[in-house]
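Sequence lines set the chain letters: A, B, ... in the order given, protein chains first and strands last, and positions in each chain run from 1.
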Protein chains: 2
Amino acid sequence: MLGGATADWQSKRRESARREILSAAWDVARENGLAALTLREVAARVGMRAPSLYSHFSSKNAIYDAMFGQAWRSYEEMTAGAVLPAQPRAALRAMAKRFFEFAVADLPRNQLMNQRTIPGFTPSPESYAPAVRVIERLRSDMTRMGIADDGDVDLFIALVGGLADAQWANDPGGTRYARLLDRAVDMYADALHLPQVDDDQEET
Amino acid sequence: MLGGATADWQSKRRESARREILSAAWDVARENGLAALTLREVAARVGMRAPSLYSHFSSKNAIYDAMFGQAWRSYEEMTAGAVLPAQPRAALRAMAKRFFEFAVADLPRNQLMNQRTIPGFTPSPESYAPAVRVIERLRSDMTRMGIADDGDVDLFIALVGGLADAQWANDPGGTRYARLLDRAVDMYADALHLPQVDDDQEET
DNA sequence: GTCTATAGTTTGATAGAC
DNA sequence: GTCTATCAAACTATAGAC
């Protein structure tokens with residue numbers, strides 16, 4: 001009994017230490033750039049020396065990997081609780097806004113989730129799993145609103161992701177591409193003949 | 001006379017040495033990743049030692065900068081000679097295909113042109129100039145086909161760029177997003193009420 | 001213009017004391 | 001689990017001989 005409680009307490013400590021390290025890693029990545037992350041800098045922020053990090057992560061890439069998993073899990077949690085509007089167009093708008101704002105809120109996070117910025121880093125299957133679940137969830141949500149074609153789903157993701165990436169590349173911190181989001185979604189919805197209002201009026 | 005000819009010959013040699021170095025730099029970037037570029041490796045490929053590169057470039061970032069300029073100038077040259085179809089939809093398709101294929105043909109080039117991958121690197125005004133010219137040219141081409149709104153132009157770029165980035169991130173070397181290109185362009189053209197054929201038939 | 005030599009850092013990672 | 005010590009390597013960049 002006592003042994004079990006101790007083990008539990010220890011694993012909780014370990015978990016919280018890992019979280020602290022990752023939080024510091026995010027800070028460093030935001031300040032110096034994702035590729036400029038160094039173990040010394042991360043360690044310093046949590047009051048440690050670089051070698052101590054190896055008690056919690058087996059390598060630098062393991063830190064990137066954990067960050068990757070954290071990013072997608074946090075997006076997954078954000079979408080898990082949310083309810084989508086019943087009307088397909090409104091639902092698409094909400095989904096697009098959610099994804100766009102998440103991508104635009106944090107550059108290194110977006111680079112990690114949606115680009116291949118770090119040479120030699122590939123996410124592990126465990127860290128990739130939440131990303132897969134998010135896409136599956138998106139796919140089923142869109143199926144429910146009548147969008148079943150895989151290509152149409154891919155196009156939606158590319159459309160919203162493209163706006164987010166363009167926002168970062170050409171107008172970081174601005175709203176030049178954010179303003180186009182609803183226009184883009186409507187364009188997409190029109191092309192798929194989604195009903196304008198609640199009624200199910202099909203075009204001929 | 002003779003001095004002038006000698007100077008000319010020397011500057012030609014210098015220029016070709018720079019080109020060789022940059023060509024090696026592209027090779028290294030493609031093999032090891034853009035951010036993993038090192039002066040030693042680049043120098044070795046041209047049969048030099050790292051310090052010798054400083055006779056041609058003032059710093060590592062100056063090499064990135066020259067690569068950035070080279071990438072956009074090469075795209076500019078590619079588009080300069082090309083003639084666009086008279087029909088707006090066909091022209092849009094051609095422009096999209098051209099941009100997409102260029103982006104998908106070379107990962108580090110695309111990262112350099114359209115993302116902010118290298119911490120601390122910002123293109124110089126001289127290297128940025130061809131990028132500006134390309135966008136201006138695109139804008140005027142689109143104006144000529146009746147697309148004058150800046151937002152509409154931005155949306156087109158983001159749409160095509162988003163497909164290219166998604167291709168790299170989710171299906172590198174494949175055709176999953178390339179297949180969606182025409183569908184995306186048609187969707188865009190429909191939203192802007194571009195004529196289906198040569199005639200100028202407006203929707204009510 | 002290229003070299004050697006080297007400065008001066010910085011890096012990721014390991015060994016072993018405590 | 002954190003530390004010191006340290007490795008071994010890599011890095012960008014400079015100085016100065018040739």
Side-chain angles (χ1 to χ4, degrees), chain A residues 3 6-25 27-29 31-68 108 117-122 124, chain B residues 3 6-25 27-29 31-68 108 117-122 124:
Chain A
T6 304
D8 193 45
W9 177 81
Q10 279 178 341
S11 87
K12 276 222 164 74
R13 279 289 302 163
R14 263 190 79 76
E15 200 41 52
S16 103
R18 272 178 67 99
R19 255 200 304 274
E20 264 185 76
I21 290 166
L22 290 179
S23 168
D27 288 344
V28 175
E31 288 172 34
N32 302 348
L34 183 67
L37 193 81
T38 68
L39 298 182
R40 279 173 156 77
E41 179 72 19
V42 171
R45 305 243 177 166
V46 294
M48 278 184 183
R49 309 289 182 158
S52 304
L53 298 181
Y54 285 86
S55 301
H56 301 277
F57 296 93
S58 64
S59 71
K60 186 186 178 182
N61 270 0
I63 295 183
Y64 279 132
D65 195 53
M67 292 169 80
F68 181 93
T117 296
I118 306 296
F121 166 67
T122 316
S124 66
Chain B
T6 305
D8 193 44
W9 176 82
Q10 279 178 342
S11 87
K12 276 222 165 70
R13 280 287 303 160
R14 264 191 77 78
E15 199 42 52
S16 103
R18 273 178 66 100
R19 255 200 305 274
E20 264 185 76
I21 291 167
L22 290 179
S23 168
D27 288 343
V28 175
E31 289 173 33
N32 302 348
L34 183 67
L37 193 81
T38 68
L39 297 183
R40 277 173 154 78
E41 180 72 20
V42 172
R45 306 244 176 164
V46 294
M48 277 183 183
R49 309 288 181 157
S52 305
L53 298 181
Y54 286 86
S55 301
H56 302 277
F57 295 94
S58 63
S59 71
K60 186 186 178 182
N61 269 1
I63 294 183
Y64 279 131
D65 195 52
M67 293 168 80
F68 180 93
T117 295
I118 306 297
F121 166 66
T122 315
S124 65

Check your understanding: So what does S55(A) hit on the nucleic acid, given a heavy-atom distance under 4.0 Å: a base, only sugar-phosphate, or nothing?
Key -> base
Practice item. Spell out protein contact along nucleotides 13-18 of chain C as letters: B when the base is contacted, S when just the sugar-phosphate is, - when no protein heavy atom is under 4.0 Å; keep the 5' to 3' order. Key: BB----
Review point. What integer distance in Å separates F57(A):CZ from dG12(C):C1'?
Key: 16 Å
Check your understanding: Is a side-chain donor or acceptor of Y64(A) paired with a backbone partner of L34(A) at a separation under 3.5 angstrom?
Key -> yes
Check your understanding: What is the distance, rounded to the nearest whole Å, between atom CZ of R13(B) and atom C1' of dG1(C)?
Key -> 10 Å
Exercise for review: Check whether any side-chain nitrogen or oxygen of S52(A) sits under 4.0 Å from OP1 or OP2 of dG1(D), and answer yes or no.
Suggested key: no
Review point. Under 4.0 angstrom, heavy atoms only, what part of the nucleic acid is L53(B) near: base, sugar-phosphate, or nothing?
Key: nothing
Exercise for review: Check each of I21(A), V46(A), I63(A) against H56(A) using the side chain to side chain contact (heavy atoms under 4.5 Å, CB included) test, and report the only one that passes.
Suggested key: I21(A)
Exercise for review: Hey, could you give me the CD1/OG1 distance between I118(B) and T117(A), rounded to the nearest 0.5 Å?
Suggested key: 8.5 Å
**Study point:** Residues forming a side-chain contact (heavy atoms from CB on, under 4.5 Å) with T122(B), sequence neighbours excluded
**Key:** none
Review point. Just wondering, do D65(A) and F57(A) contact through their side chains at under 4.5 Å, heavy atoms?
Key: no
Exercise for review: Report the distance from atom CG of D27(B) to atom CG of L37(B), rounding to the nearest 0.5 Å.
Suggested key: 10.5 Å
Practice item. Using atom CG of L37(B) as one end and atom P of dA10(D) as the other, report the distance to the nearest whole Å. Key: 16 Å
Review point. In whole angstrom, what separates H56(A)'s NE2 from dG1(D)'s P?
Key: 6 Å
Review point. Heavy atoms, side chains only, cut-off 4.5 Å: are V28(A) and T38(A) in contact?
Key: no
Practice item. Mind checking I63(A) for me? I need base, sugar-phosphate or nothing, with any heavy atom below 4.0 Å counting as a touch. Key: nothing
Check your understanding: In residues 42-49 of chain A, which residues come under 4.0 Å of DNA chain C by heavy atom?
Key -> none
**Study point:** Close side-chain approach of F121(B) to K60(B), heavy-atom, < 4.5 Å
**Key:** no
Study note, to complete from the structure: Heavy atoms of M67(B) and A29(B) approach each other most closely as CE-CB, 4.3 Å
